Amino acid sequence: MHPYDPPLRLILDSDALVANWRWLGAQGGAPAGAAIKANGYGLGAREVVARLADAGCRDFFVATWGEALAVGDLPHAASLAVLHGVRAADMAVALASRARPVLVSAEMVARWKAAAPERPCDVMVDTGMNRLGLSIEEARSGLLDGLKVDTLMSHLACADEVGHALNAVQLARFAELRGAIAAQRYSLANSAGICLGADYGFDLTRPGLALYGGIPRAEAEGHIAPVARVEAEILQVRDVPAGETVGYGATFTANRPTRIAILNLGYADGYFRAFAGRGAARIGDRVLPLAGRVSMDLIAVDLGDADLGAGDWLEIDHDLPAAAAATGMSQYELLTGLGSRYQRVWK
Ligand SMILES: *Cc1c(COP(=O)(O)O)cnc(C)c1O
């Protein structure tokens with residue numbers, strides 16, 4: 001809870017979150033978990049867990065033990081996996097936690113075997129991304145003997161690239177691994193991987209982006225609903241005479257007497273400078289274009305003849321695919337950039 005009502009807020013749609021999760025489960029041909037790293041992609045990990053666990057989601061994924069601690073106690077039936085595994089410095093926290101590490105290197109496998117071989121763990125195998133994970137040879141070398149592997153996983157490098165040949169290569173490598181390495185479950189697909197078809201689903205999928213309204217591939221259009229709406233309060237309305245400029249760098253010049261609203265939102269809130277010249281606020285179906293640059297904590301919009309004043313709220317255009325296309329940023333950056341100054345209001 002905020003101690004006061006901040007002048008910017010995210011309106012978050014619980015029903016859309018749950019509906020997205022259900023669609024991903026149906027589409028993926030396997031139960032969907034939920035990647036909740038980076039504070040639930042900026043929306044609030046605890047609130048996301050509460051809603052998805054209620055709906056029946058049983059598997060959650062964070063990146064680090066700090067994130068695991070921040071999520072707090074999960075509902076009893078749910079489990080949490082820590083995607084970056086266990087460094088030596090993480091072991092005390094890991095051993096005191098119910099969460100499973102996702103072991104990503106031979107060194108981590110040895111560390112977990114020495115400390116807690118009876119405790120379930122997950123294992124990441126690299127099938128072509130060359131980011132985190134054991135090599136296929138390491139995984140098949142007997143290194144994992146004596147571990148209780150809950151979920152064996154791999155991660156797709158190009159699932160959101162249409163027609164990329166690496167997807168089928170990784171799928172074939174992973175299917176072969178399933179025959180060679182014993183685990184309770186096998187998991188390959190993220191949001192975009194789910195869109196590639198049910199043969200990518202195995203026993204469990206790990207969507208993140210699409211839960212939160214991101215559209216990873218065209219197959220998700222019309223099925224995945226937006227979850228977050230950005231709203232900011234007008235702090236001041238000013239009349240700018242023709243010929244005057246607005247904001248840093250004086251990049252906007254009023255070509256007529258112009259009413260400008262100053263809104264409490266800026267790049268420190270993940271409303272990036274790339275929105276300059278492209279972004280807009282909205283009231284009803286009226287579009288109020290941004291005027292000039294994005295400041296750290298403020299933007300200006302051209303009110304036209306809209307009758308608005310200080311204390312009124314405006315919705316900010318933040319449709320993820322459109323905003324990504326306009327700014328050249330990814331939908332992931334646009335979501336995870338949403339900072340700590342918003343009041344997050346779940347409906
Ligand atoms: C972040 C992450 C996911 C979720 O990916 P999205 O593209 O957001 O669906 C799944 N698996 C792993 C290993 C990840 O790091």
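For ligands, and for the atoms within them, numbers begin at 1 and follow the listed sequence. The structure displayed is predicted, hence computed values, not measured ones.
- Residue contacts with ligand 1, taken as heavy atom pairs separated by less than 4.0 Å, involve His155 solely via side-chain atoms from C-beta onward.
- Ligand 1 has Met124 within reach: a non-hydrogen atom of the residue lies less than 4.0 Å from it.
- Residue-ligand proximity: Pro207 is placed with a non-hydrogen atom under 4.0 Å from ligand 1.
- Distances below 4.0 Å separate heavy atoms of Ala35 from the following atoms of ligand 1: 4 (C).
- With a heavy-atom cut-off of 4.0 Å, Phe61 does not touch ligand 1 at all.
- Neither the backbone nor the side chain of Met129 comes within 4.0 Å of ligand 1, counting heavy atoms alone.
- Considering backbone and side-chain N/O of Ala210, none are found under 3.5 Å from N/O of ligand 1.
- Residue contacts with ligand 1 for Asp160 are absent, since no atom lies close enough (heavy atoms, distance under 4.0 Å).
- Note on ligand 1: Arg131 sits in its first shell, one or more heavy atoms being nearer than 4.0 Å.
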**Message:** For a side chain to side chain contact (heavy atoms under 4.5 Å, CB included) check, start with the C-alpha distance between Trp313 and Glu233, then their side-chain angles and the critical distance, and finish with the verdict.
**Reply:** CA-CA 4 Å; Trp313 286 76; Glu233 191 175 338; 3.4 Å; yes

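- Between Thr251 and Arg293, the side chains place no donor N or O within less than 3.5 Å of an acceptor N or O (distance only, hydrogens not considered).
- We find that Arg185 and Asp150 are joined by a salt bridge, their nearest charged nitrogen and carboxylate oxygen being less than 4.0 Å apart.
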